[in-house]
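Letters A, B, ... are given to chains in the order of the sequence lines, protein chains preceding strands, and every chain is numbered from 1. Hydrogens, waters and symmetry mates are skipped; everything else that's a heavy atom, side chains included, is used.
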There are 2 protein chains.
Amino acid sequence: MTLIDRSSLHAEVVARLRTAIVDGELSPGSRINERELCERFGVSRTPLREALKVMASEGLVLLLPNRGARVATLTRADIEDTFTVMACLEALSGELACAHITEEQIAELRALHYEMLAHHARRDLQAYYRLNERIHHMILTASNNPVLIATHAGLALRIRRARYVADMPRDWWDQAVREHEQILDALVRRDGAAIAVLLRRHLERKIDIMADSTGMAPSDADAAKTSSAA
Amino acid sequence: MTLIDRSSLHAEVVARLRTAIVDGELSPGSRINERELCERFGVSRTPLREALKVMASEGLVLLLPNRGARVATLTRADIEDTFTVMACLEALSGELACAHITEEQIAELRALHYEMLAHHARRDLQAYYRLNERIHHMILTASNNPVLIATHAGLALRIRRARYVADMPRDWWDQAVREHEQILDALVRRDGAAIAVLLRRHLERKIDIMADSTGMAPSDADAAKTSSAA
DNA sequence: AAGGTGAATTTTGAATTCAAAATCGACGAT
DNA sequence: ATCGTCGATTTTGAATTCAAAATTCACCTT
(Lines give C-alpha, C1' and ligand atoms only; values in the text may rest on other atoms or scores of the structure.)
Protein backbone atom coordinates (compact mmCIF):
# COMPACT_ATOMS: atom_id res chain seq x y z
CA MET A 1 0.00 0.00 0.00
CA THR A 2 1.46 3.32 -1.08
CA LEU A 3 2.16 6.00 1.45
CA ILE A 4 0.10 9.13 1.42
CA ASP A 5 0.86 12.38 -0.35
CA ARG A 6 2.05 14.70 2.39
CA SER A 7 0.60 17.92 1.05
CA SER A 8 -3.03 17.53 2.13
CA LEU A 9 -2.69 14.79 4.62
CA HIS A 10 -5.91 15.23 6.47
CA ALA A 11 -8.07 15.20 3.35
CA GLU A 12 -6.17 12.21 2.00
CA VAL A 13 -6.70 10.26 5.18
CA VAL A 14 -10.41 11.07 5.18
CA ALA A 15 -10.70 9.94 1.58
CA ARG A 16 -8.81 6.71 2.13
CA LEU A 17 -10.60 5.87 5.33
CA ARG A 18 -13.91 6.53 3.64
CA THR A 19 -12.98 4.31 0.73
CA ALA A 20 -11.84 1.58 3.08
CA ILE A 21 -15.16 1.65 4.90
CA VAL A 22 -17.45 2.10 1.90
CA ASP A 23 -15.70 -0.67 -0.03
CA GLY A 24 -16.02 -2.97 2.94
CA GLU A 25 -12.27 -3.25 3.46
CA LEU A 26 -13.03 -2.41 7.07
CA SER A 27 -15.95 -4.60 7.99
CA PRO A 28 -19.04 -3.12 9.65
CA GLY A 29 -18.99 -3.29 13.40
CA SER A 30 -15.29 -4.02 13.56
CA ARG A 31 -13.08 -2.20 15.98
CA ILE A 32 -10.73 0.42 14.52
CA ASN A 33 -7.24 0.27 15.96
CA GLU A 34 -5.63 3.66 15.63
CA ARG A 35 -2.03 2.49 15.78
CA GLU A 36 -2.67 -0.19 13.21
CA LEU A 37 -4.36 2.20 10.77
CA CYS A 38 -1.58 4.74 11.29
CA GLU A 39 0.99 2.22 10.17
CA ARG A 40 -1.17 1.19 7.25
CA PHE A 41 -1.57 4.78 6.06
CA GLY A 42 1.91 5.87 7.09
CA VAL A 43 0.70 8.84 9.12
CA SER A 44 0.70 9.80 12.76
CA ARG A 45 -2.33 9.59 14.97
CA THR A 46 -3.22 13.27 14.74
CA PRO A 47 -4.54 13.34 11.15
CA LEU A 48 -6.07 9.91 11.56
CA ARG A 49 -8.02 10.98 14.60
CA GLU A 50 -9.21 14.09 12.81
CA ALA A 51 -10.40 11.90 9.97
CA LEU A 52 -12.19 9.57 12.37
CA LYS A 53 -14.08 12.47 13.85
CA VAL A 54 -15.17 13.66 10.42
CA MET A 55 -16.25 10.17 9.47
CA ALA A 56 -18.22 9.96 12.69
CA SER A 57 -20.08 13.13 11.78
CA GLU A 58 -20.79 11.56 8.41
CA GLY A 59 -22.21 8.53 10.16
CA LEU A 60 -19.73 6.00 8.81
CA VAL A 61 -17.96 5.56 12.11
CA LEU A 62 -19.15 5.18 15.67
CA LEU A 63 -17.09 6.89 18.37
CA LEU A 64 -17.18 5.33 21.82
CA PRO A 65 -15.62 7.81 24.29
CA ASN A 66 -12.40 6.44 25.75
CA ARG A 67 -13.12 3.16 24.01
CA GLY A 68 -12.14 3.83 20.45
CA ALA A 69 -13.90 3.85 17.14
CA ARG A 70 -15.96 1.25 15.37
CA VAL A 71 -17.12 0.97 11.78
CA ALA A 72 -20.82 1.81 11.78
CA THR A 73 -23.17 -1.03 11.05
CA LEU A 74 -26.26 -0.73 8.94
CA THR A 75 -29.50 -2.12 10.21
CA ARG A 76 -32.28 -2.90 7.85
CA ALA A 77 -34.14 0.08 9.30
CA ASP A 78 -31.16 2.37 8.59
CA ILE A 79 -31.21 1.34 4.96
CA GLU A 80 -34.96 1.71 4.62
CA ASP A 81 -34.99 5.09 6.32
CA THR A 82 -32.08 6.36 4.25
CA PHE A 83 -33.61 5.18 1.02
CA THR A 84 -36.93 6.74 1.88
CA VAL A 85 -35.20 10.10 2.23
CA MET A 86 -33.12 9.57 -0.90
CA ALA A 87 -36.23 8.71 -2.88
CA CYS A 88 -37.75 12.00 -1.80
CA LEU A 89 -34.58 13.90 -2.71
CA GLU A 90 -34.32 12.28 -6.12
CA ALA A 91 -37.95 13.07 -6.79
CA LEU A 92 -37.16 16.70 -6.06
CA SER A 93 -34.07 16.55 -8.24
CA GLY A 94 -36.16 15.32 -11.16
CA GLU A 95 -38.68 18.05 -10.63
CA LEU A 96 -36.00 20.73 -10.58
CA ALA A 97 -34.16 19.12 -13.47
CA CYS A 98 -37.26 19.47 -15.63
CA ALA A 99 -36.94 23.21 -15.22
CA HIS A 100 -33.19 23.46 -15.74
CA ILE A 101 -31.96 20.63 -17.91
CA THR A 102 -30.62 21.56 -21.34
CA GLU A 103 -31.34 19.77 -24.59
CA GLU A 104 -27.70 18.68 -24.71
CA GLN A 105 -28.00 17.11 -21.27
CA ILE A 106 -31.17 15.31 -22.29
CA ALA A 107 -29.39 13.98 -25.38
CA GLU A 108 -26.54 12.69 -23.23
CA LEU A 109 -29.00 11.19 -20.80
CA ARG A 110 -30.69 9.38 -23.66
CA ALA A 111 -27.33 8.06 -24.80
CA LEU A 112 -26.57 6.79 -21.30
CA HIS A 113 -30.01 5.21 -21.21
CA TYR A 114 -29.31 3.23 -24.38
CA GLU A 115 -25.96 2.16 -23.04
CA MET A 116 -27.76 0.94 -19.96
CA LEU A 117 -30.26 -0.95 -22.11
CA ALA A 118 -27.33 -2.69 -23.74
CA HIS A 119 -25.99 -3.83 -20.38
CA HIS A 120 -29.46 -4.96 -19.40
CA ALA A 121 -29.73 -6.99 -22.59
CA ARG A 122 -26.39 -8.63 -21.82
CA ARG A 123 -27.37 -9.16 -18.18
CA ASP A 124 -24.21 -7.34 -17.13
CA LEU A 125 -25.32 -6.29 -13.68
CA GLN A 126 -22.18 -4.42 -12.66
CA ALA A 127 -22.09 -2.34 -15.83
CA TYR A 128 -25.81 -1.74 -15.50
CA TYR A 129 -25.35 -0.44 -11.95
CA ARG A 130 -22.64 1.95 -13.07
CA LEU A 131 -24.76 3.42 -15.84
CA ASN A 132 -27.77 3.54 -13.58
CA GLU A 133 -25.77 5.50 -11.06
CA ARG A 134 -24.50 7.91 -13.71
CA ILE A 135 -28.01 8.56 -14.96
CA HIS A 136 -29.41 9.27 -11.53
CA HIS A 137 -26.45 11.46 -10.76
CA MET A 138 -26.87 13.38 -13.97
CA ILE A 139 -30.47 14.17 -13.10
CA LEU A 140 -29.30 15.27 -9.67
CA THR A 141 -26.73 17.53 -11.27
CA ALA A 142 -29.31 18.99 -13.63
CA SER A 143 -31.35 20.04 -10.61
CA ASN A 144 -28.84 22.85 -10.24
CA ASN A 145 -29.15 22.69 -6.49
CA PRO A 146 -25.75 22.07 -4.85
CA VAL A 147 -27.29 21.55 -1.42
CA LEU A 148 -29.56 18.85 -2.81
CA ILE A 149 -26.65 17.18 -4.57
CA ALA A 150 -24.44 17.25 -1.48
CA THR A 151 -27.19 16.01 0.81
CA HIS A 152 -27.95 13.13 -1.52
CA ALA A 153 -24.28 12.28 -1.81
CA GLY A 154 -23.90 12.17 1.96
CA LEU A 155 -26.75 9.70 2.31
CA ALA A 156 -25.66 7.62 -0.68
CA LEU A 157 -22.25 7.16 0.89
CA ARG A 158 -23.63 5.58 4.01
CA ILE A 159 -25.65 2.89 2.26
CA ARG A 160 -23.30 2.29 -0.64
CA ARG A 161 -22.21 -0.96 0.95
CA ALA A 162 -25.74 -2.30 0.78
CA ARG A 163 -26.98 -0.63 -2.36
CA TYR A 164 -25.49 -2.80 -5.02
CA VAL A 165 -26.56 -6.29 -4.32
CA ALA A 166 -25.63 -9.32 -6.29
CA ASP A 167 -28.99 -10.96 -6.70
CA MET A 168 -31.61 -8.93 -8.48
CA PRO A 169 -34.78 -10.73 -9.49
CA ARG A 170 -35.16 -10.78 -13.25
CA ASP A 171 -38.67 -9.34 -13.29
CA TRP A 172 -37.64 -6.56 -10.93
CA TRP A 173 -34.77 -5.62 -13.20
CA ASP A 174 -37.00 -5.55 -16.29
CA GLN A 175 -39.47 -3.37 -14.46
CA ALA A 176 -36.70 -0.97 -13.37
CA VAL A 177 -35.66 -0.54 -16.98
CA ARG A 178 -39.22 0.25 -18.00
CA GLU A 179 -39.41 2.81 -15.23
CA HIS A 180 -36.24 4.43 -16.48
CA GLU A 181 -37.88 4.82 -19.87
CA GLN A 182 -40.85 6.56 -18.30
CA ILE A 183 -38.54 8.80 -16.29
CA LEU A 184 -36.63 9.85 -19.37
CA ASP A 185 -39.90 10.45 -21.15
CA ALA A 186 -41.19 12.70 -18.36
CA LEU A 187 -37.94 14.63 -18.49
CA VAL A 188 -38.31 15.18 -22.22
CA ARG A 189 -41.87 16.40 -21.68
CA ARG A 190 -40.51 18.49 -18.79
CA ASP A 191 -43.30 17.13 -16.67
CA GLY A 192 -41.99 17.83 -13.17
CA ALA A 193 -44.95 16.38 -11.31
CA ALA A 194 -44.79 13.14 -13.27
CA ILE A 195 -41.05 12.65 -12.92
CA ALA A 196 -41.24 13.27 -9.18
CA VAL A 197 -43.80 10.51 -8.77
CA LEU A 198 -41.90 8.16 -11.08
CA LEU A 199 -38.52 8.69 -9.42
CA ARG A 200 -39.87 8.29 -5.95
CA ARG A 201 -41.70 5.07 -6.81
CA HIS A 202 -38.64 3.82 -8.69
CA LEU A 203 -36.42 4.32 -5.66
CA GLU A 204 -38.91 3.05 -3.13
CA ARG A 205 -39.33 -0.16 -5.06
CA LYS A 206 -35.63 -0.69 -4.62
CA ILE A 207 -35.88 -0.69 -0.84
CA ASP A 208 -37.34 -4.18 -0.60
CA ILE A 209 -34.74 -5.69 -2.91
CA MET A 210 -31.87 -4.19 -0.98
CA ALA A 211 -32.93 -4.87 2.55
CA ASP A 212 -33.89 -8.46 1.77
CA SER A 213 -30.49 -9.35 0.41
CA THR A 214 -27.22 -9.40 2.29
CA GLY A 215 -26.84 -10.23 5.95
CA MET A 216 -27.56 -7.07 7.85
CA ALA A 217 -26.41 -6.40 11.36
CA PRO A 218 -29.28 -6.46 13.81
CA SER A 219 -28.43 -3.00 15.18
CA ASP A 220 -25.54 -0.79 16.25
CA ALA A 221 -26.31 -1.41 19.88
CA ASP A 222 -26.34 -5.18 19.51
CA ALA A 223 -23.19 -5.13 17.42
CA ALA A 224 -21.39 -3.14 20.08
CA LYS A 225 -22.46 -5.65 22.69
CA THR A 226 -21.38 -8.75 20.84
CA SER A 227 -18.04 -7.40 19.71
CA SER A 228 -16.67 -5.98 22.92
CA ALA A 229 -18.23 -8.80 24.93
CA ALA A 230 -18.22 -6.35 27.82
CA MET B 1 -16.47 32.45 30.14
CA THR B 2 -16.39 29.12 31.96
CA LEU B 3 -13.77 26.60 31.09
CA ILE B 4 -14.82 23.40 29.46
CA ASP B 5 -15.61 20.12 31.15
CA ARG B 6 -12.58 17.96 30.55
CA SER B 7 -14.34 14.63 30.17
CA SER B 8 -15.58 14.93 26.60
CA LEU B 9 -13.50 17.79 25.38
CA HIS B 10 -13.85 17.24 21.68
CA ALA B 11 -17.65 17.07 21.75
CA GLU B 12 -17.81 20.12 24.01
CA VAL B 13 -15.62 22.14 21.69
CA VAL B 14 -17.72 21.14 18.68
CA ALA B 15 -20.88 22.13 20.51
CA ARG B 16 -19.52 25.48 21.65
CA LEU B 17 -18.00 26.33 18.31
CA ARG B 18 -21.25 25.43 16.61
CA THR B 19 -23.21 27.62 19.00
CA ALA B 20 -20.78 30.48 18.48
CA ILE B 21 -21.23 30.29 14.72
CA VAL B 22 -24.97 29.63 14.63
CA ASP B 23 -25.67 32.41 17.10
CA GLY B 24 -23.57 34.79 15.07
CA GLU B 25 -20.99 35.27 17.82
CA LEU B 26 -18.45 34.51 15.12
CA SER B 27 -19.53 36.56 12.15
CA PRO B 28 -19.87 34.98 8.70
CA GLY B 29 -16.79 35.27 6.55
CA SER B 30 -14.56 36.18 9.47
CA ARG B 31 -11.23 34.55 9.90
CA ILE B 32 -10.89 32.02 12.72
CA ASN B 33 -7.69 32.38 14.72
CA GLU B 34 -6.86 29.06 16.31
CA ARG B 35 -4.72 30.43 19.10
CA GLU B 36 -7.33 33.00 20.02
CA LEU B 37 -10.16 30.47 20.12
CA CYS B 38 -7.99 28.08 22.13
CA GLU B 39 -7.57 30.70 24.83
CA ARG B 40 -11.25 31.52 24.75
CA PHE B 41 -12.26 27.90 25.21
CA GLY B 42 -9.35 27.03 27.47
CA VAL B 43 -8.23 24.07 25.38
CA SER B 44 -5.20 23.23 23.28
CA ARG B 45 -5.16 23.33 19.53
CA THR B 46 -5.67 19.60 19.05
CA PRO B 47 -9.34 19.33 20.05
CA LEU B 48 -10.07 22.71 18.49
CA ARG B 49 -8.68 21.62 15.15
CA GLU B 50 -10.65 18.40 15.32
CA ALA B 51 -13.78 20.44 15.92
CA LEU B 52 -12.99 22.74 13.02
CA LYS B 53 -12.72 19.79 10.70
CA VAL B 54 -16.07 18.44 11.83
CA MET B 55 -17.66 21.85 11.40
CA ALA B 56 -16.18 22.04 7.94
CA SER B 57 -17.82 18.74 7.02
CA GLU B 58 -21.07 20.18 8.35
CA GLY B 59 -20.65 23.20 6.12
CA LEU B 60 -20.43 25.80 8.86
CA VAL B 61 -16.74 26.42 8.37
CA LEU B 62 -14.57 26.85 5.32
CA LEU B 63 -11.08 25.31 5.47
CA LEU B 64 -8.39 26.97 3.34
CA PRO B 65 -5.37 24.63 3.23
CA ASN B 66 -2.41 26.21 4.98
CA ARG B 67 -4.38 29.39 5.34
CA GLY B 68 -6.66 28.70 8.21
CA ALA B 69 -10.38 28.49 8.70
CA ARG B 70 -13.17 30.93 7.99
CA VAL B 71 -16.79 31.04 9.12
CA ALA B 72 -18.88 30.01 6.12
CA THR B 73 -20.99 32.71 4.58
CA LEU B 74 -24.49 32.19 3.28
CA THR B 75 -25.38 33.47 -0.12
CA ARG B 76 -28.95 34.03 -1.06
CA ALA B 77 -28.67 31.01 -3.33
CA ASP B 78 -27.43 28.87 -0.43
CA ILE B 79 -30.45 29.79 1.60
CA GLU B 80 -32.87 29.22 -1.24
CA ASP B 81 -31.32 25.88 -2.16
CA THR B 82 -31.25 24.72 1.45
CA PHE B 83 -34.83 25.72 2.04
CA THR B 84 -35.97 24.00 -1.12
CA VAL B 85 -34.49 20.76 0.18
CA MET B 86 -35.88 21.31 3.66
CA ALA B 87 -39.33 21.95 2.25
CA CYS B 88 -39.15 18.61 0.49
CA LEU B 89 -37.97 16.86 3.65
CA GLU B 90 -40.67 18.39 5.79
CA ALA B 91 -43.28 17.39 3.25
CA LEU B 92 -42.03 13.83 3.56
CA SER B 93 -42.03 14.09 7.34
CA GLY B 94 -45.69 15.13 7.29
CA GLU B 95 -46.56 12.27 5.02
CA LEU B 96 -44.82 9.74 7.25
CA ALA B 97 -46.20 11.38 10.38
CA CYS B 98 -49.74 10.81 9.11
CA ALA B 99 -49.02 7.10 9.23
CA HIS B 100 -47.25 7.03 12.59
CA ILE B 101 -48.48 9.84 14.78
CA THR B 102 -50.45 8.90 17.88
CA GLU B 103 -53.61 10.55 19.13
CA GLU B 104 -51.66 11.85 22.12
CA GLN B 105 -49.12 13.49 19.84
CA ILE B 106 -51.88 15.10 17.81
CA ALA B 107 -53.43 16.42 21.01
CA GLU B 108 -50.11 17.92 22.06
CA LEU B 109 -49.62 19.36 18.60
CA ARG B 110 -53.02 21.00 18.82
CA ALA B 111 -52.09 22.46 22.20
CA LEU B 112 -48.87 23.87 20.74
CA HIS B 113 -50.85 25.25 17.85
CA TYR B 114 -53.16 27.19 20.19
CA GLU B 115 -50.16 28.48 22.12
CA MET B 116 -48.77 29.69 18.84
CA LEU B 117 -52.07 31.36 18.00
CA ALA B 118 -51.79 33.22 21.28
CA HIS B 119 -48.33 34.52 20.38
CA HIS B 120 -49.61 35.49 16.96
CA ALA B 121 -52.48 37.42 18.53
CA ARG B 122 -49.99 39.26 20.75
CA ARG B 123 -47.62 39.82 17.83
CA ASP B 124 -44.85 38.22 19.85
CA LEU B 125 -42.61 37.19 16.98
CA GLN B 126 -39.86 35.52 19.01
CA ALA B 127 -42.30 33.36 20.97
CA TYR B 128 -44.14 32.58 17.75
CA TYR B 129 -40.93 31.40 16.13
CA ARG B 130 -40.13 29.14 19.05
CA LEU B 131 -43.54 27.48 18.95
CA ASN B 132 -43.43 27.26 15.19
CA GLU B 133 -40.12 25.47 15.42
CA ARG B 134 -41.41 23.07 18.06
CA ILE B 135 -44.43 22.21 15.94
CA HIS B 136 -42.39 21.51 12.83
CA HIS B 137 -39.94 19.51 14.87
CA MET B 138 -42.70 17.48 16.44
CA ILE B 139 -44.03 16.52 13.02
CA LEU B 140 -40.50 15.58 12.01
CA THR B 141 -40.19 13.42 15.11
CA ALA B 142 -43.54 11.77 14.41
CA SER B 143 -42.19 10.69 11.02
CA ASN B 144 -40.29 8.03 12.96
CA ASN B 145 -37.42 8.27 10.49
CA PRO B 146 -34.16 9.13 12.30
CA VAL B 147 -32.30 9.65 9.04
CA LEU B 148 -34.88 12.17 7.93
CA ILE B 149 -34.72 13.95 11.27
CA ALA B 150 -30.92 14.09 11.28
CA THR B 151 -30.71 15.25 7.68
CA HIS B 152 -33.20 18.01 8.33
CA ALA B 153 -31.36 19.05 11.47
CA GLY B 154 -28.08 19.29 9.57
CA LEU B 155 -29.58 21.61 7.00
CA ALA B 156 -31.50 23.65 9.56
CA LEU B 157 -28.27 24.32 11.42
CA ARG B 158 -26.63 25.93 8.46
CA ILE B 159 -29.35 28.44 7.77
CA ARG B 160 -30.41 29.08 11.32
CA ARG B 161 -28.66 32.45 11.22
CA ALA B 162 -30.90 33.59 8.38
CA ARG B 163 -34.09 31.76 9.25
CA TYR B 164 -35.51 33.92 11.96
CA VAL B 165 -35.73 37.39 10.59
CA ALA B 166 -36.98 40.42 12.39
CA ASP B 167 -39.36 41.85 9.86
CA MET B 168 -42.18 39.63 8.77
CA PRO B 169 -44.93 41.23 6.70
CA ARG B 170 -48.21 41.17 8.56
CA ASP B 171 -50.21 39.53 5.80
CA TRP B 172 -47.54 36.89 5.35
CA TRP B 173 -47.68 36.04 9.02
CA ASP B 174 -51.47 35.77 8.99
CA GLN B 175 -51.28 33.50 5.99
CA ALA B 176 -48.66 31.30 7.67
CA VAL B 177 -50.97 30.82 10.62
CA ARG B 178 -53.83 29.81 8.33
CA GLU B 179 -51.53 27.31 6.65
CA HIS B 180 -50.66 25.84 10.01
CA GLU B 181 -54.32 25.27 10.64
CA GLN B 182 -54.66 23.40 7.36
CA ILE B 183 -51.58 21.35 8.14
CA LEU B 184 -52.92 20.33 11.51
CA ASP B 185 -56.22 19.49 9.90
CA ALA B 186 -54.58 17.27 7.29
CA LEU B 187 -52.71 15.50 10.07
CA VAL B 188 -55.94 14.85 11.95
CA ARG B 189 -57.47 13.45 8.76
CA ARG B 190 -54.23 11.50 8.26
CA ASP B 191 -54.20 12.77 4.72
CA GLY B 192 -50.56 12.26 3.78
CA ALA B 193 -50.84 13.58 0.25
CA ALA B 194 -52.50 16.77 1.43
CA ILE B 195 -50.08 17.47 4.26
CA ALA B 196 -47.13 16.94 1.95
CA VAL B 197 -48.41 19.58 -0.45
CA LEU B 198 -49.31 21.96 2.37
CA LEU B 199 -46.00 21.67 4.19
CA ARG B 200 -43.97 22.09 1.06
CA ARG B 201 -45.89 25.17 -0.02
CA HIS B 202 -45.73 26.53 3.52
CA LEU B 203 -41.95 26.24 3.59
CA GLU B 204 -41.41 27.44 0.06
CA ARG B 205 -43.40 30.57 0.74
CA LYS B 206 -40.93 31.31 3.51
CA ILE B 207 -38.00 31.39 1.11
CA ASP B 208 -38.85 34.79 -0.33
CA ILE B 209 -39.32 36.38 3.07
CA MET B 210 -35.99 35.11 4.33
CA ALA B 211 -33.79 35.83 1.41
CA ASP B 212 -35.21 39.33 1.00
CA SER B 213 -34.40 40.33 4.53
CA THR B 214 -30.99 40.56 6.12
CA GLY B 215 -27.84 41.51 4.30
CA MET B 216 -26.53 38.40 2.71
CA ALA B 217 -22.97 37.92 1.62
CA PRO B 218 -22.71 37.93 -2.16
CA SER B 219 -20.70 34.71 -2.17
CA ASP B 220 -18.04 32.78 -0.30
CA ALA B 221 -15.41 33.85 -2.76
CA ASP B 222 -16.21 37.53 -2.45
CA ALA B 223 -16.47 37.28 1.29
CA ALA B 224 -13.01 35.76 1.43
CA LYS B 225 -11.62 38.81 -0.27
CA THR B 226 -13.14 41.28 2.17
CA SER B 227 -12.06 39.05 5.01
CA SER B 228 -10.86 41.31 7.81
CA ALA B 229 -13.99 43.42 7.54
CA ALA B 230 -15.49 41.18 10.21
C1' DA C 1 7.81 57.77 -3.74
C1' DA C 2 6.30 53.26 -5.50
C1' DG C 3 7.23 48.76 -5.99
C1' DG C 4 9.77 44.68 -5.20
C1' DT C 5 12.94 41.61 -2.25
C1' DG C 6 13.99 39.00 1.58
C1' DA C 7 14.49 38.13 6.46
C1' DA C 8 11.69 37.92 10.91
C1' DT C 9 7.41 36.63 12.75
C1' DT C 10 3.23 34.36 12.91
C1' DT C 11 0.27 30.68 11.83
C1' DT C 12 -0.70 26.27 10.23
C1' DG C 13 -0.03 21.06 9.81
C1' DA C 14 1.44 17.01 11.79
C1' DA C 15 4.45 14.19 14.96
C1' DT C 16 5.60 13.37 19.46
C1' DT C 17 4.93 13.26 24.25
C1' DC C 18 2.44 12.79 28.41
C1' DA C 19 -1.46 11.56 31.36
C1' DA C 20 -5.62 9.13 32.12
C1' DA C 21 -8.69 5.50 31.14
C1' DA C 22 -9.57 0.89 29.77
C1' DT C 23 -8.14 -3.75 28.88
C1' DC C 24 -5.62 -7.79 29.96
C1' DG C 25 -3.63 -11.17 32.94
C1' DA C 26 -1.85 -13.18 37.01
C1' DC C 27 -2.68 -14.20 41.55
C1' DG C 28 -5.35 -15.27 45.53
C1' DA C 29 -9.68 -16.18 48.02
C1' DT C 30 -13.69 -18.83 48.43
C1' DA D 1 -12.53 -24.64 39.78
C1' DT D 2 -14.50 -20.13 39.53
C1' DC D 3 -14.83 -15.60 40.65
C1' DG D 4 -12.94 -11.31 42.02
C1' DT D 5 -9.11 -8.14 42.78
C1' DC D 6 -4.90 -5.78 41.95
C1' DG D 7 -1.11 -4.57 39.05
C1' DA D 8 0.99 -4.39 34.19
C1' DT D 9 0.12 -3.22 29.56
C1' DT D 10 -2.26 -1.19 25.96
C1' DT D 11 -5.04 2.32 24.07
C1' DT D 12 -7.12 6.62 24.08
C1' DG D 13 -7.38 11.82 24.73
C1' DA D 14 -5.15 16.03 24.66
C1' DA D 15 -1.01 19.08 25.22
C1' DT D 16 3.24 20.11 23.51
C1' DT D 17 6.79 20.30 20.20
C1' DC D 18 8.70 20.74 15.73
C1' DA D 19 8.77 21.84 10.81
C1' DA D 20 6.88 24.06 6.92
C1' DA D 21 4.09 27.51 4.86
C1' DA D 22 2.26 32.06 4.80
C1' DT D 23 2.23 36.73 6.35
C1' DT D 24 4.39 40.97 7.78
C1' DC D 25 7.40 44.51 7.46
C1' DA D 26 11.71 46.75 6.97
C1' DC D 27 14.86 47.80 3.51
C1' DC D 28 16.61 48.43 -0.99
C1' DT D 29 16.24 49.60 -5.84
C1' DT D 30 14.61 52.30 -9.47
Take the protein atom CD of A:E39 and the nucleotide atom P of C:dT16, then report the distance between them rounded to whole Å. 12 Å
Where the side chain of B:H137 meets the backbone of B:E133, is there a donor-acceptor pair that is under 3.5 Å apart? no
Got a donor-acceptor contact below 3.5 angstrom from the A:D81 side chain to the B:N145 backbone? no
Starting at CZ of B:F41 and ending at P of D:dA15, how long is that distance when rounded to a whole Å? 13 Å
Quick one: list whatever passes ring-ring contact (aromatic ring centres under 6.0 Å, His included) with B:F83, sequence neighbours left out. none
B:T82 (side chain) donor-acceptor with B:D78 (main chain) under 3.5 angstrom: yes
Distance-only donor-acceptor test, B:T46 side-chain atoms vs D:dA15 base atoms, 3.5 Å: yes
Taken to the nearest whole Å, CG/A:L63 to P/D:dA14 is 11 Å
Kindly write out the residues that satisfy ring-ring contact (aromatic ring centres under 6.0 Å, His included) with B:H180, not counting sequence neighbours, or none if the list is empty. B:H136, B:H202
Listed in order of residue number, which residues of residues 50-58 of chain B have a non-hydrogen atom at under 4.0 Å from DNA chain C? none
Salt bridge between A:E36 and A:R40, side-chain N to carboxylate O under 4.0 Å? no
Within 6.0 Å of NE2 in A:H119, more than 12 heavy atoms from elsewhere: yes
Those residues at least two apart in sequence (or on a different chain) that pass side-chain hydrogen bond (donor to acceptor under 3.5 Å, both in side chains) with A:E204 are A:R200
Grab the N/O contacts between the protein and nucleotides 5-12 of chain C below 3.5 Å, and write none if there aren't any.
residue	atom	partner	partner atom	Å
C:dT11	OP2	B:R35	NE	3.3
C:dT11	OP2	B:R35	NH2	3.1
C:dT12	OP1	B:R31	NH2	3.1

So does B:E115 pair up with B:R134, basic N to acidic O under 4.0 Å? no
Helical bend (five base pairs per end, nearest 10°) for the helix from C:dA1-D:dT30 to C:dT30-D:dA1: 0°
